[in-house]
Peer 1: 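Sending over a structure as C-alpha cells; questions will come in a sec.
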Amino acid sequence: MTVFGAGGGTSSYREIEDADLIIFWGSNAREAHPIFFHHALKAIHKGAKVYGVDPRRSKTAEWADTWLGLDVGTDVALAYGVGREIIHAGLVNEEFVANATTGFEEYVAACEPWTLEVTSRETGVPAELIRELAHDYAKAKRAQLCWTLGITEHHNGTDNVRALCNLALLTGHVGRWGSGLVPVRGQNNVQGGGDMGAIPKNLPGFQSVENPEHRAKFEHMWGVTLPPKGGLTLSEMMEAMDEGHLTNCYIIGENPVQSDADTTAVARRLENLDHLVVQDIFLTKTATFADVVFPSAAAWCEGEGTFTSSERRVQLVRKALEPPGQAKDDIEIIRLLAERMGHVWPVQTAEQVWDELRALSPAHHGMSYRVLAERGGVQWPFPEEDGPESPFLHGRLWEKDPAKRGRPAPFGIIEHRLPVDKLDDEFPLRLTTGRRLTDYNTGVQSGGFNSPIRFGGCVDFSPEDMARLCIEEGETVRVTSRRGSVLAPARLDPGLRPGLLFMACNFPDDVDVNALTIEANDPIAKTAEFKATAVKIGKITDESTQNRGSAVAVDHRTPAGDLAAAK
C-alpha cells in the first residue's frame with residue numbers, strides 16, 4: 001500500500017511461467033506453496049534462471065542455479081548491496097526511475113556504504129554472488145521477485161519488503177507482463193481476509209476507516225455510525241490483555257495458543273480473560289481455553305462463498321457437504337449472535353453478502369457470481385462486469401502522460417537492524433522456523449491423515465554442528481530459548497550452515513516450537529519475529545526420555561546439560 005497504493009501482489013501466477021529470471025527471497029515455495037511453485041517450474045523447464053536467497057538451502061533453493069545463503073536478519077543489508085552494485089554498474093532503468101519514482105537520490109545515498117565487500121561481511125554471502133544477482137536481475141527482460149514469511153516474519157518485516165520493492169523500482173521490474181513483485185501469502189485466503197477488511201484500519205476493499213468519504217458509504221449502507229479510528233491488531237490485543245484493557249475475546253478460525261510467538265504467554269493471557277468465545281471447525285488447543293465454542297462449517301466444502309489467492313484471484317466456493325451435528329455456517333453463527341444481542345439481521349445467502357460487498361468496494365464491483373462462475377475466478381481490480389481482468393498491477397507507472405501515470409512510487413529509505421533475540425555465549429545458536437510440505441500451519445487440518453513422507457516435529461542440524469555437539473541423528477535433545485524449552489529428536493540437514501538450526505511449526509502437539517520464539521513485533525505490520533530465535537542445545541541423559549518417541553514441551557527452568565558454544 002505504501003509504495004504502490006494497493007495491498008496485493010503485482011503479478012499473476014501465469015506470468016512467472018514466462019519469466020527469464022526468478023528470485024525466491026525468503027521463500028520456500030517448493031514446500032510451503034507447491035501449487036504456485038508448479039507455475040515456476042514451467043519457467044524453469046523453459047530455461048529461466050533461478051536464485052534462492054535463504055539462510056538455509058531449502059527444497060526451493062535446491063532448484064536454484066545459485067543459492068545465496070545469507071545470515072538470518074540481514075535481508076536489508078543484502079538488498080542495499082544489490083542496489084548499490086546495480087547503480088555503480090550503470091544498470092539502473094533511468095527512464096522508469098525518472099518518470100515513475102521519487103526519492104532516488106536519497107536511496108542512492110543510503111546504498112553507498114554497502115559495497116560488495118561490506119555487504120559480504122555483514123550477510124555472509126560471497127561478494128561475487130551478490131554481484132551476479134545484481135547484474136542478472138537488472139539485465140533480465142522479465143524478472144519475478146518472490147517472497148513470503150522468510151521476509152515478513154521479522155521485527156523489521158515491513159522494512160524487508162520495502163528493500164525488495166526498491167530493487168524493482170531501480171530496475172523497472174514492475175507494472176508490466178512477466179516482471180513483478182510476488183508476495184506469496186502464508187495461508188489460504190490471507191489475501192481475501194485483508195481484502196474484506198480483516199485489517200483493523202481498513203474497511204472492505206482497502207478503504208480506510210479514517211477516511212470520512214469511505215466511512216460514509218458504509219454507514220449509509222449499514223445504518224450505523226462507525227468509529228473514525230482503526231482498531232487493534234492481534235499483537236496489540238495481546239498487549240491490551242496484559243494491561244487489563246481487553247477482558248473478553250471472540251476468536252474465529254485462529255489457533256493463537258499454538259501459532260503465535262511465545263505460546264506460554266499467549267496461553268496465560270487467554271486463561272486470564274473474563275470470557276473467551278472460539279468459533280472453529282475443530283476443537284483446537286485454543287478452543288480448550290474457551291468458555292463457549294461455536295462449531296462452524298468447513299468453508300471450503302460445507303459452505304458457500306469466495307476465496308482470494310495470492311495473485312488477487314477471487315474464486316467461488318460451492319457447498320458439497322452438509323456440516324456435521326450442530327455446526328453452522330460462519331455467516332449464520334454471527335447472525336444468530338447478533339440476534340441474541342438484540343439486532344435482527346436479515347437471513348442472507350453468501351451471494352447476497354457478496355453483492356453487498358460489491359456495492360461498497362470498487363475493486364470488486366464487477367465480480368458477480370455469474371462472472372466468477374463463467375470465468376473460473378477473476379483478479380481484482382475488476383470494476384465492471386464486462387471489463388478485462390488485471391493480470392498485473394501498476395502498468396500506469398509506464399504511461400508517458402503524467403496525468404495517466406498518477407502518483408509516483410517512492411523509494412524507501414530504511415535501516416539495517418539485526419534480530420532482537422541476540423546471540424551470546426549462553427544462547428549461541430540461531431533457530432529459524434518454517435513449514436513442511438506434508439502439513440498446513442499448526443496441523444489442525446492436516447494432522448489427521450497419514451503421509452509416507454511426514455517425519456513430524458524435530459530440530460534440524462548442520463552436519464558440522466551435529467558433529468561438534470556429539471549428537472546422533474534421532475537423539476532427543478533439549479532446545480532452550482530465553483522464553484522456554486522443548487524436547488525434540490535431532491535430524492541431519494545438509495542444507496543448513498554451521499550455527500543455524502531449523503524447526504517446523506506444523507507439529508505443536510509433538511514439539512511446541514513457538515514456546516521458543518520471541519514476541520518482537522514489526523511496528524507497522526505487527527508480525528512477530530518467528531524467523532530469528534537465539535537458542536542453546538542440551539543433552540538428555542535420562543534414558544526413558546531418549547526412548548520416548550515424541551517430544552514434549554518442558555519448563556525452561558529445568559536443569560539441563562547445556563552444550564557450550566564453539567569458540
Side-chain angles (χ1 to χ4, degrees), residues 189 191-209 211-228 230-231 248-254 275 277-281 290 292-308 314-374 377-378 380-385:
N189 208 36
Q191 183 68 53
D195 295 351
M196 296 302 108
I199 297 173
K201 66 179 181 180
N202 284 351
L203 294 161
F206 289 100
Q207 298 172 91
S208 174
V209 73
N211 183 312
E213 293 183 9
H214 294 170
R215 208 166 55 246
K217 63 180 180 180
F218 285 88
E219 291 176 333
H220 177 75
M221 171 73 76
W222 294 340
V224 298
T225 299
L226 296 173
N248 298 271
C249 194
Y250 182 11
I251 299 174
I252 304 176
E254 187 84 3
H275 192 68
V277 178
V278 172
Q279 183 171 316
D280 215 315
I281 63 175
V292 177
V293 175
F294 292 144
S296 60
W300 65 273
C301 63
E302 296 170 352
E304 303 275 337
T306 62
F307 284 161
T308 306
V314 180
Q315 295 173 288
L316 280 181
V317 177
R318 294 299 195 185
K319 185 175 182 178
L321 299 170
E322 289 297 325
Q326 298 182 55
K328 297 181 183 299
D329 188 86
D330 290 313
I331 294 173
E332 179 64 6
I333 293 173
I334 295 170
R335 186 194 70 80
L336 290 171
L337 183 60
E339 187 175 276
R340 295 291 182 94
M341 293 179 172
H343 300 275
V344 180
W345 291 357
V347 176
Q348 290 180 299
T349 65
E351 183 175 6
Q352 288 172 319
V353 174
W354 180 252
D355 285 341
E356 180 181 299
L357 175 278
R358 291 172 53 221
L360 293 165
S361 172
H364 298 85
H365 184 74
M367 296 183 185
S368 65
Y369 265 37
R370 178 187 62 80
V371 170
L372 293 176
E374 289 176 355
V378 176
W380 63 255
F382 193 76
E384 303 297 334
E385 285 198 52

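Note that the structure is a prediction, hence the values are computed from the model and not measured.
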Peer 1: Does either side chain, that of Ser368 or that of Glu385, offer a donor lying less than 3.5 Å from an acceptor on the other one?
Peer 2: yes

Peer 1: For the atom pair CD (Glu304) and CD1 (Ile331), what is the distance rounded to the nearest 0.5 Å?
Peer 2: 9.5 Å

Peer 1: Is it the case that Trp222 and Glu356 place a side-chain donor and acceptor less than 3.5 Å from each other?
Peer 2: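 Yes, a side-chain donor-acceptor pair sits under 3.5 Å.
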
Peer 1: Just verifying a value: how many Å separate His365 NE2 and Asp355 CG, rounded to the nearest 0.5 Å?
Peer 2: 10.0 Å

Peer 1: Would you check if the side chain of His343 reaches a backbone N or O of Ala338 as a donor-acceptor pair within less than 3.5 Å?
Peer 2: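 Absent.
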
Peer 1: How about Glu374: does its CD atom have over 12 heavy atoms from other parts shown lying under 6.0 Å from it?
Peer 2: yes

Peer 1: Determine whether more than 12 heavy atoms belonging to other residues, nucleotides or ligands lie under 6.0 Å from atom NZ of Lys201.
Peer 2: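 For Lys201, atom NZ is not crowded (no more than 12 foreign heavy atoms under 6.0 Å).
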
Peer 1: Can you tell me how far apart CG (Leu316) and CZ (Arg370) are? Round to the nearest 0.5 Å.
Peer 2: 12.0 Å

Peer 1: I need the minimum non-hydrogen distance between Glu213 and Asn211, along with the two atoms involved.
Peer 2: N-OD1, 2.9 Å

Peer 1: What distance do Glu332 atom CD and Gln348 atom CD have between them, rounded to the nearest 0.5 Å?
Peer 2: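 So the CD of Glu332 and the CD of Gln348 are separated by 11.0 Å.
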
Peer 1: Which heavy atom in Pro323 sits nearest to a heavy atom in Ala297, and how many Å separate them?
Peer 2: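 Of all heavy-atom pairs spanning Pro323 and Ala297, the closest is CB-CB, 3.8 Å.
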
Peer 1: Do the rings of Phe294 and Tyr250 sit parallel, tilted or perpendicular, given the 30° and 60° boundaries?
Peer 2: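 Plane angle over 60°, so perpendicular.
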
Peer 1: How long is the gap from CZ on Phe206 to CD1 on Ile199, to the nearest 0.5 Å?
Peer 2: 5.0 Å

Peer 1: On the 0 to 90° scale, with breaks at 30° and 60°, tag the His364-Trp354 ring pair as parallel, tilted or perpendicular.
Peer 2: perpendicular

Peer 1: What I want to find out is whether Lys319 reaches Glu302 closely enough, with some N-O distance under 4.0 Å, to be called a salt bridge.
Peer 2: no

Peer 1: Kindly give the heavy-atom pair with the smallest separation between Met196 and Pro204, and that separation in Å.
Peer 2: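 That closest heavy-atom pairing would be O-CG, 3.3 Å.
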
Peer 1: To the nearest 0.5 Å, tell me how far Asp330 CG sits from Asp280 CG.
Peer 2: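 These two atoms lie 9.0 Å from each other.
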
Peer 1: Do any pairs count as a salt bridge (Lys or Arg N to Asp or Glu O under 4.0 Å) and have a residue in residues 336-346, sequence neighbours left out, and if so which ones?
Peer 2: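 Salt bridge (Lys or Arg N to Asp or Glu O under 4.0 Å) check on residues 336-346 returns Arg335-Glu339.
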
Peer 1: Give me the atom names and distance for the closest heavy-atom approach of Asn189 to Phe307.
Peer 2: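 Taking Asn189 first and Phe307 second, the nearest heavy atoms are OD1-CA, 3.3 Å.
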
Peer 1: Do you know the tightest heavy-atom contact between Leu360 and Gln207?
Peer 2: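 Shortest heavy-atom separation between Leu360 and Gln207 comes out as O-NE2, 3.0 Å.
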
Peer 1: What closest approach, in Å, do Arg215 and Val209 show between heavy atoms, and which atom pair accounts for it?
Peer 2: NH1-O, 2.8 Å

